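One structure is given below, encoded as structure tokens.
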Amino acid sequence: MTKVIVAFIFLCGILSGVSLEDSVGSEEGCGCNKLNRNNLKERSTGDIDLEKGSCQSKEDDHCQLPKNDKMDTQDDSSKKADHDRALTLSVLRSNPMVKIPGGTFFMGTDKPFIPADGESPLRETLIDTFYLDKMETSNAEFARFVAETNYTTEAETFGDSFVFESLISEETLAGIDQAVAAAPWWLPVKGADWRHPEGPDSDIIPRMNHPVVHVSWNDAKAFCEWAGKRLATEAEWEYACKAGKKDKLYPWGNKLMPQDEHWMNVWQGDFPKTDTGDDGYINTSPVDEYPEQNSFGLKNIVGNAWEWTADWWVTVHSNEYSENPKGPEPTNDKVKKGGSYMCHKSYCYRHRCAARSQNTPDSSSGNVGMRCASDTPPDYYN
Ligand SMILES: [Ca+2]
Ligand SMILES: [Ca+2]
């Protein structure tokens, strides 16, 4: 165990004697940009001394993982369709879009916390007026999409997706013998998909208003197009996040907890061992939880679930002025923004507007979702 802990500390880049502040600039993170099905290793139980979430919030009922109502996991497409239809019976389009008035802003930062991610330079950027979903796409909305289109997500096609170890039941864990080489707390779980976020014995029924997760970039694109929308460019997303604030970390300013309140769902405690859930959640939260994070009225633009953007990923950017940039030519990865419930300043300090990360367009995991944008709101909002 000692060797394992030493190895883990080394991996974290948090060497003895290095303060928390010093460790922030590390390019290490929660490992959620390393979720590659081709880069697994043999899982060793006890690799990391994980504790199951020990929620200490006053609102303890919020902290508990949704109950694993044992689902019939037989691969029966008609049962799946019935299931989805049942989920969508009462679903209205409950995610309003907010108008993001055009203007210029400074994209990126000249004080990068994770330089390797390409957070800098600061660059003046013009954005035309557009519309953005007020909230992340919920399970309910995604269920309606699937019920109407019979869409199959990439995680379902692959037959697995990545889940953070401490959220997985002992029963499911017993059958897993691989882990992500560079981030062994991420496990490929057979049968994990948007309907079963922690594996076959989990279900979204108790959390239809939580963000859909285990959706790949390709899935997110398909959903937004079905909804008459599109993914935001990285520049649009960041413009919306910053909401006119100059040189601030978060959509509202620089304080992690404005008015000593939690305004986002991130990690509290010692990553990856213990999340105290002080913000109310050790997993996803409802998409309408917490105050509006900025003057555009956006909810959970930072924290909760990562959000796919339209752009391909590079880490070197020109500092020249640009208008409505649509990102680089195709690379291997797509940009995701906003961080997730797994982010913490000591380890994955990416719950900031200028922060960014990446995955291949077919990747999926239990902490990546989306919100959609459009030039004009689709007709069904009228
Ligand atoms: Ca949390
Ligand atoms: Ca988010």
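In this text, all values refer to a predicted model and were calculated from it rather than measured experimentally. Order of listing sets the numbers, starting from 1, for every ligand and every atom in it.
Checked against the 6.0 Å centroid threshold, W186 and F162 do not count as a close aromatic pair. For an aromatic pair to be called close, the ring centres must be under 6.0 Å apart, and F142 with W194 satisfies this.
When each of N36, L35, D333, N38 is tested with T360 by the rule side-chain contact (heavy atoms from CB on, under 4.5 Å), just one qualifies, namely D333.
Sulfur-sulfur distance for C348 and C343: not below 2.5 Å, with no disulfide indicated.
Residues satisfying the side chain to side chain contact (heavy atoms under 4.5 Å, CB included) test with T331, not counting sequence neighbours, are W312, W313, V314.
Counting only protein N, O or S atoms, 5 lie closer than 3.0 Å to the Ca ion (ligand 2).
Taking backbone and side-chain atoms together, Q268 has no N/O/S atom less than 3.0 Å away from the Ca ion (ligand 1).
No donor-acceptor contact under 3.5 angstrom links the side chains of E289 and N265, judged on distance only.
For D201 against S169, the heavy-atom pair with the smallest separation is OD2-OG, 2.6 Å.
Geometry at the Ca ion (ligand 1): OD1/D279 and O/Y281 form an angle of 80°, nearest 10 degrees.
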